[in-house]
Amino acid sequence: MKNFKFLINGNNYEVEIKNVENNLAELEVNGTLYKVEVNKQIQEVKTPKLIRPKSVPSTDTPLIDDHKTIQANISTGGTKILTPLPGVILDITVRIGDLVKVGQKLIVLEAMKMENNIESDVAGKILDIKVNIGNSVMQGDVLIIIG
């Protein structure tokens with residue numbers, strides 16, 4: 001595993017760590033094998049695992065619990081249009097108060113060097129626009145509220 005050289009009281013020691021399990025380590029010191037108990041539990045370094053929620057384009061038919069681009073909001077009386085992936089807002093094709101139909105283009109989003117149209121999943125009136133042209137957005141951010 002790892003090799004170390006120590007100088008203790010003028011004596012040279014070559015130490016190789018052979019194996020570490022829980023708090024027991026196997027060491028070879030100048031060719032002699034030793035089993036050593038470590039006073040504290042050795043914590044194994046773990047690389048964090050990135051888990052992203054599944055992205056569903058706003059033009060797909062939503063599944064009951066797997067839909068990520070719209071979300072009903074009873075308190076505001078509207079439907080939130082969420083961004084399906086991180087990107088930059090290039091264009092907003094509607095204004096507050098506009099009436100929209102299902103499938104109408106609302107926003108152009110640049111993501112992964114491609115332009116993506118964010119379309120309305122519901123018919124209604126634009127109640128609020130939460131982003132501006134040039135804004136960077138993350139997946140799941142609210143873009144527009146339609147009532």
Point-to-point distance, once rounded to the nearest 0.5 Å, from [atom1] of [X] to [atom2] of [Y]:
X: Glu26; Y: Glu28; atom1: CD; atom2: CD; value: 10.5 Å
X: Thr79; Y: Ile145; atom1: OG1; atom2: CD1; value: 9.5 Å
X: Asp141; Y: Lys130; atom1: CG; atom2: NZ; value: 11.5 Å
X: Ile107; Y: Ile89; atom1: CD1; atom2: CD1; value: 4.5 Å
X: Lys5; Y: Glu16; atom1: NZ; atom2: CD; value: 12.0 Å
X: Leu27; Y: Lys35; atom1: CG; atom2: NZ; value: 11.5 Å

**Study point:** CA sep, side-chain torsions, deciding dist, call: Leu90, Ile133, side chain to side chain contact (heavy atoms under 4.5 Å, CB included)
**Key:** CA-CA 6 Å; Leu90 293 182; Ile133 294 174; 6.0 Å; no

**Study point:** Thr83 vs Leu109 side-chain heavy atoms within contact, under 4.5 Å
**Key:**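 Side chain of Thr83 against side chain of Leu109, heavy atoms only: contact under 4.5 Å found.
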
Review point. Any side-chain heavy-atom pair from Val94 and Val100 closer than 4.5 angstrom?
Key: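 Counting from C-beta outward, Val94 and Val100 do come under 4.5 Å.
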
So does [Y] get a backbone contact from the side chain of [X], meaning a donor-acceptor N/O pair under 3.5 Å?
X: Asn12; Y: Leu7; result: no
X: Asp128; Y: Ile126; result: no
X: Ser120; Y: Gly103; result: no

Check whether [X] and [Y] end up in the same hydrophobic cluster, where Ile, Leu, Val, Met, Phe, Trp and Tyr are linked by side-chain heavy atoms less than 4.5 Å apart.
X: Ile144; Y: Leu99; value: no
X: Val108; Y: Val88; value: no
X: Leu143; Y: Val102; value: no
X: Leu33; Y: Phe4; value: no
X: Tyr13; Y: Ile17; value: yes

Check your understanding: Under 3.5 Å, is there a donor-acceptor pair linking the side chains of Glu21 and Asn19?
Key ->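 A pair is found: one side chain offers a donor N or O, the other an acceptor, under 3.5 Å apart.
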
Check your understanding: Would the number of heavy atoms belonging to other residues, nucleotides or ligands and lying under 6.0 Å from CD of Glu110 be above 12?
Key ->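 Yes - once you tally the heavy atoms of other residues, nucleotides and ligands closer than 6.0 Å, there are more than 12.
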
Review point. Passes salt bridge (Lys or Arg N to Asp or Glu O under 4.0 Å), Glu119 versus Lys105? Steps please.
Key: CA-CA 4 Å; Glu119 298 172 348; Lys105 179 168 65 169; over 6 Å; no

Check your understanding: Passes side chain to side chain contact (heavy atoms under 4.5 Å, CB included), Leu127 versus Ile146? Steps please.
Key -> CA-CA 5 Å; Leu127 298 178; Ile146 300 174; over 6 Å; no

